[in-house]
Amino acid sequence: MAPFALIPFAEMEDTHSCKALVIHCIDYRFVEMQAEFLSTQGYKDQYDLLTVPGSSKNLHSVEEWVALAIKLHDPREILIFDHEECGGYGADNSIETHRMHLNQAKNDLAQKYPDVKIETFIATFDGVKEIS
């Protein structure tokens, strides 16, 4: 027997939603910091989470999962987190490079989901900062 079974969509209750879809890198060094930040901002237990190496730089690789999260849980916000010293960025880890990718991801998502608020952040070893 499989360790889990998928429930067909027709059998699923579709009355639940979450506050946000959070997208961040897989890097373990920033998971706790980001979770604490989300909790202090009122998102505790109120978000779906997608992790993707390189976060905003590789957002295109999880587009179908973003669409599924929006379809299933109708989040009103998408929060995208990059972080310093990201292996997905290689040698070009400048704040400007992160800003460029975060803004591109924000613009791409805004075109697909115009009714969803999108915010971008960078996690540093000193804390989380909003990027505009």
Side-chain angles (χ1 to χ4, degrees):
M1 177 182 256
F4 63 90
L6 295 176
I7 300 170
F9 285 121
E11 297 175 27
M12 293 179 66
E13 188 176 316
D14 62 351
T15 59
H16 59 284
S17 63
C18 65
K19 188 172 184 177
L21 168 60
V22 173
I23 302 165
H24 68 63
C25 187
I26 63 170
D27 194 316
Y28 69 95
R29 299 173 297 168
F30 297 93
V31 171
E32 186 175 335
M33 176 191 300
Q34 291 166 142
E36 288 174 9
F37 173 81
L38 290 163
S39 182
T40 63
Q41 299 299 307
Y43 294 96
K44 183 177 172 135
D45 300 327
Q46 298 292 318
Y47 61 90
D48 283 341
L49 176 63
L50 284 176
T51 59
V52 58
S55 195
S56 69
K57 182 178 181 184
N58 294 315
L59 191 60
H60 62 277
S61 68
V62 294
E63 286 177 355
E64 71 180 277
W65 301 115
V66 170
L68 184 60
I70 288 174
K71 177 182 176 183
L72 292 177
H73 298 144
D74 192 31
R76 302 315 319 145
E77 301 173 56
I78 298 174
L79 310 177
I80 309 168
F81 291 80
D82 272 12
H83 68 86
E84 67 181 347
E85 289 188 10
C86 182
Y89 276 78
D92 191 4
N93 253 293
S94 71
I95 189 73
E96 292 310 315
T97 300
H98 283 282
R99 180 177 280 113
M100 179 185 69
H101 284 280
L102 285 163
N103 285 330
Q104 183 64 54
K106 182 177 184 175
N107 291 338
D108 291 349
L109 289 171
Q111 287 181 0
K112 291 180 183 177
Y113 310 105
D115 297 329
V116 178
K117 179 180 178 183
I118 302 166
E119 295 181 275
T120 55
F121 303 88
I122 188 157
T124 71
F125 292 108
D126 295 325
V128 175
K129 299 171 179 103
E130 187 168 5
I131 297 291
S132 54

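Keep in mind that this is a model prediction, so the values were computed, not measured. Starting from 1, each residue takes its place in the sequence as its number. What's counted below: heavy atoms across the whole structure, side chains too, no hydrogens, waters or symmetry copies.
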> Which residue pairs pass the side-chain hydrogen bond (donor to acceptor under 3.5 Å, both in side chains) test with at least one member in residues 106-115, sequence neighbours excluded?
Replying inline: Glu63-Lys112, Gln104-Asp108
>> Less than 4.5 Å apart, side chain to side chain, heavy atoms only: is that true for Ser55 and Ile23?
In response: yes
>> With heavy-atom distances below 4.5 Å as the criterion, would you say the side chains of Ile78 and Ile70 are in contact?
In response: yes
>> So Cys86 and His98, do their side chains get closer than 4.5 Å, heavy atoms only?
In response: yes
> Are Val31 and Val62 connected in a single hydrophobic cluster, I mean Ile/Leu/Val/Met/Phe/Trp/Tyr linked by side-chain heavy atoms less than 4.5 Å apart?
Replying inline: no
> NZ of Lys44: more than 12 outside heavy atoms within 6.0 angstrom?
Replying inline: no
>> Can you confirm whether more than 12 heavy atoms, excluding those of Phe125, are under 6.0 Å from its CZ atom?
In response: yes
> Does a side-chain heavy-atom distance below 4.5 Å link Asn103 with Arg99?
Replying inline: yes
> Counting heavy atoms not belonging to Glu32, are there more than 12 under 6.0 Å from its CD?
Replying inline: no
> Relative to each other, are the rings of His73 and His16 parallel, tilted or perpendicular (30° and 60° limits)?
Replying inline: tilted
> Are Tyr89 and Ser56 linked by a side-chain donor-acceptor pair shorter than 3.5 Å?
Replying inline: yes
> Which pair of non-hydrogen atoms, one from Cys18 and one from Gln46, has the smallest distance, and what is that distance?
Replying inline: CB-O, 3.6 Å
> Is there a side-chain contact between Tyr47 and Glu77, using heavy atoms and a 4.5 Å cut-off?
Replying inline: no
> Heavy-atom distance under 4.5 Å between the side chains of Leu79 and Tyr43, does that happen here?
Replying inline: yes
>> Less than 4.5 Å apart, side chain to side chain, heavy atoms only: is that true for Val128 and Leu38?
In response: no
